[in-house]
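No experiment lies behind these values; they were computed from the predicted model shown.
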Amino acid sequence: MFSAIADGLNMLWNVFKYIQINDIFDIAILSFLIFHGIKLIRETRAQQLVKGILVLIVAYVLAIFFNLQTMRFFLKACFEWGLVALLIVFQPELRRLLEKVGRTKFTEFGFLASNELQGSDERWSVCIDAVCEAAQNLSSTCTGALIICERKTKLGEQIDTGTILNCTPSATVFGNIFFPNTPLHDGAVIIRDGIILAAGCFLPKPQKEELIAKQLGSRHRAAIGMSEISDAIVIVVSEETGTISVAENGELTRGFSKESLKKLLGSRLLPEKDTANTKDNFAGRIISKWKK
């Protein structure tokens with residue numbers, strides 16, 4: 001055992017012994033490019049694509065290790081033609097990514113990631129209350145509204161079509177945004193991490209628009225289309241009837257009240273908090289029984 005450890009340390013020493021200054025610069029530049037590439041990808045749907053590619057790579061390595069010839073041949077064919085397919089399918093995203101790189105000043109690049117904002121659960125709790133209150137107010141006046149709560153799938157492509165606000169959500173803010181004939185009332189509001197990030201955003205059309213009920217308007221269709229390509233929760237207030245609806249996973253559920261909407265949003269946007277509370281309660285019950 002000790003000889004194996006010694007051999008490993010000797011191998012590491014031999015590697016580091018021949019490292020030169022240009023090798024250090026080479027690794028630093030490559031790390032810099034990979035880091036900012038990941039930051040750009042996080043703002044688009046390509047994030048899910050990268051995860052899928054990593055899964056395929058792991059499967060390919062396992063196929064080689066266990067000598068699975070059929071799986072190895074199939075995955076190898078996927079990798080050979082997959083690059084061309086990705087360039088075709090994600091051409092708009094690649095163009096936007098390159099344009100963003102071209103617009104970015106060199107001084108805006110940094111080597112360290114910005115710290116994630118703390119208190120995400122608290123912000124979402126405040127946001128949920130504001131969204132539910134605003135939905136009730138807008139419903140009572142039959143004012144159309146479209147509110148998107150971003151989750152894991154980043155909506156950078158849709159955010160780019162709107163106006164950046166970056167403000168704390170409240171019923172008053174939503175009322176001002178969706179007030180008829182204002183510049184932003186026709187588009188959607190996108191919320192990220194409990195903060196109103198953008199308003200007046202344009203959304204994609206649903207994939208099977210011909211199957212959607214004809215009585216549903218453009219807001220409901222846009223909500224369904226957005227929920228088809230992401231895991232976002234989309235709240236819609238009908239301009240004709242004032243009905244509050246929620247689109248999720250390509251399906252639209254209508255007839256929400258303030259209380260039922262708050263319950264739904266809490267279960268979707270605060271799962272970690274609920275899970276943590278459940279674990280704490282479970283641990284507490286075990287400790288109390290042990291003391292008895």
Side-chain angles (χ1 to χ4, degrees), residues 45 48 92 124 127-163 165 169-192 196-269:
R45 288 178 294 152
Q48 277 66 38
W124 271 121
C127 178
I128 290 172
D129 291 336
V131 169
C132 294
E133 183 179 354
Q136 184 182 53
N137 296 340
L138 296 169
S139 175
S140 64
T141 58
C142 289
T143 302
L146 187 56
I147 302 172
I148 302 173
C149 297
E150 183 189 72
R151 299 170 75 186
K152 292 182 180 179
T153 304
K154 299 302 179 182
L155 307 179
E157 301 154 36
Q158 286 71 39
I159 291 170
D160 289 340
T161 65
T163 301
L165 298 181
S170 68
T172 303
V173 172
F174 286 118
N176 289 334
I177 292 174
F178 293 112
F179 190 80
N181 300 324
T182 55
L184 301 178
H185 84 283
D186 273 338
V189 167
I190 296 181
I191 301 174
R192 173 182 292 176
I196 297 178
L197 186 58
C201 301
F202 295 99
L203 305 183
K205 293 182 178 180
Q207 298 175 2
K208 298 181 180 179
E209 192 171 5
E210 66 278 2
L211 300 180
I212 299 176
K214 294 182 178 179
Q215 64 267 27
L216 295 178
S218 58
R219 283 192 178 90
H220 295 84
R221 294 173 182 271
I224 294 173
M226 188 72 261
S227 66
E228 285 177 340
I229 65 171
S230 71
D231 61 348
I233 305 298
V234 188
I235 301 99
V236 189
V237 179
S238 173
E239 190 173 353
E240 288 75 19
T241 63
T243 303
I244 301 174
S245 306
V246 174
E248 183 181 9
N249 297 324
E251 297 182 0
L252 185 73
T253 305
R254 310 186 70 185
F256 280 87
S257 63
K258 179 181 178 181
E259 291 73 20
S260 60
L261 179 62
K262 183 176 181 179
K263 183 178 180 180
L264 174 70
L265 294 180
S267 65
R268 297 296 189 272
L269 301 175

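In this structure, CG on Leu269 lies 7.5 Å from SG on Cys127, to the nearest 0.5 angstrom. Atom CG in Leu252 sits 11.0 Å away from atom CZ in Arg221 (nearest 0.5 Å).
Legend: side-chain hydrogen bond (donor to acceptor under 3.5 Å, both in side chains) pairs involving residues 171-187, not counting sequence neighbours: none detected. Among pairs with a residue in residues 231-246, those fulfilling salt bridge (Lys or Arg N to Asp or Glu O under 4.0 Å) read Arg219-Glu239, at least two apart in sequence or across chains.
Applying the side-chain hydrogen bond (donor to acceptor under 3.5 Å, both in side chains) rule to Ser257 yields the partners Ser260; only residues at least two apart in sequence or on another chain are considered. Checked against side-chain hydrogen bond (donor to acceptor under 3.5 Å, both in side chains), Thr163 has no partners two or more places apart in sequence or in another chain. Remark: Glu248 pairs with Arg151, Ile233, Arg268 by the side-chain contact (heavy atoms from CB on, under 4.5 Å) rule, at least two apart or across chains. When the salt bridge (Lys or Arg N to Asp or Glu O under 4.0 Å) test is applied to Lys262, the partners found at least two apart in sequence or on another chain are Asp129. Ala199 pairs by the side-chain contact (heavy atoms from CB on, under 4.5 Å) definition with Leu165, Ile177, Leu184, Val189, not counting sequence neighbours. For Glu133, the salt bridge (Lys or Arg N to Asp or Glu O under 4.0 Å) criterion is met by no residue, not counting sequence neighbours. In terms of the side-chain hydrogen bond (donor to acceptor under 3.5 Å, both in side chains) criterion, Asn249 has no residue partners (sequence neighbours excluded).
A heavy-atom distance below 4.5 Å is not found between the side chains of Pro169 and Val131.
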Review point. Where do Val246 and Arg254 land on the side chain to side chain contact (heavy atoms under 4.5 Å, CB included) test, with the steps shown first?
Key: CA-CA 6 Å; Val246 174; Arg254 310 186 70 185; over 6 Å; no
Point to revise | Candidate pair Ile244 and Leu261, rule side chain to side chain contact (heavy atoms under 4.5 Å, CB included), full reasoning | key: CA-CA 8 Å; Ile244 301 174; Leu261 179 62; 4.2 Å; yes
Practice item. For side chain to side chain contact (heavy atoms under 4.5 Å, CB included), just list the numbers for Ser245 and Ile235, CA-CA rounded to whole Å, side-chain angles, deciding distance to a tenth of an Å, and then say yes or no. Key: CA-CA 6 Å; Ser245 306; Ile235 301 99; over 6 Å; no
Point to revise | Chi angles and distances behind the side chain to side chain contact (heavy atoms under 4.5 Å, CB included) call for Ile191, Trp124 | key: CA-CA 10 Å; Ile191 301 174; Trp124 271 121; 3.8 Å; yes
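With Ser227 contributing its side chain and Gly250 its backbone, the two residues share a donor-acceptor pair below 3.5 Å. In this structure a side-chain-to-backbone donor-acceptor pair under 3.5 Å is missing from Thr243 to Ser238.
Residues Met226 and Leu155 come closest through the heavy atom pair CE-CD2, 3.7 Å. What you find for Thr153 and Glu150 is that their closest heavy atoms are O-CG, 3.4 Å. Of all heavy-atom pairs between Ala130 and Ser170, the closest is CB-CA, 3.6 Å. Nearest heavy-atom pair across Ile190 and Cys201 is CD1-SG, 3.8 Å. The minimum heavy-atom distance linking Ile229 with Pro204 is given by the pair CD1-CG, 3.5 Å.
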Report, one line per pair, each donor and acceptor closer than 3.5 Å where one atom sits in a side chain of residues 139-148; sequence neighbours left out.
residue	atom	partner	partner atom	Å
Ser139	OG	Gly242	O	2.3
Ser140	OG	Asn137	O	2.6
Thr141	OG1	Asn137	O	3.3
Thr141	OG1	Leu138	O	3.3
Thr141	OG1	Thr143	OG1	2.8

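The environment of CD in Gln215 is crowded: more than 12 heavy-atom neighbours from other residues, nucleotides or ligands sit within 6.0 Å.
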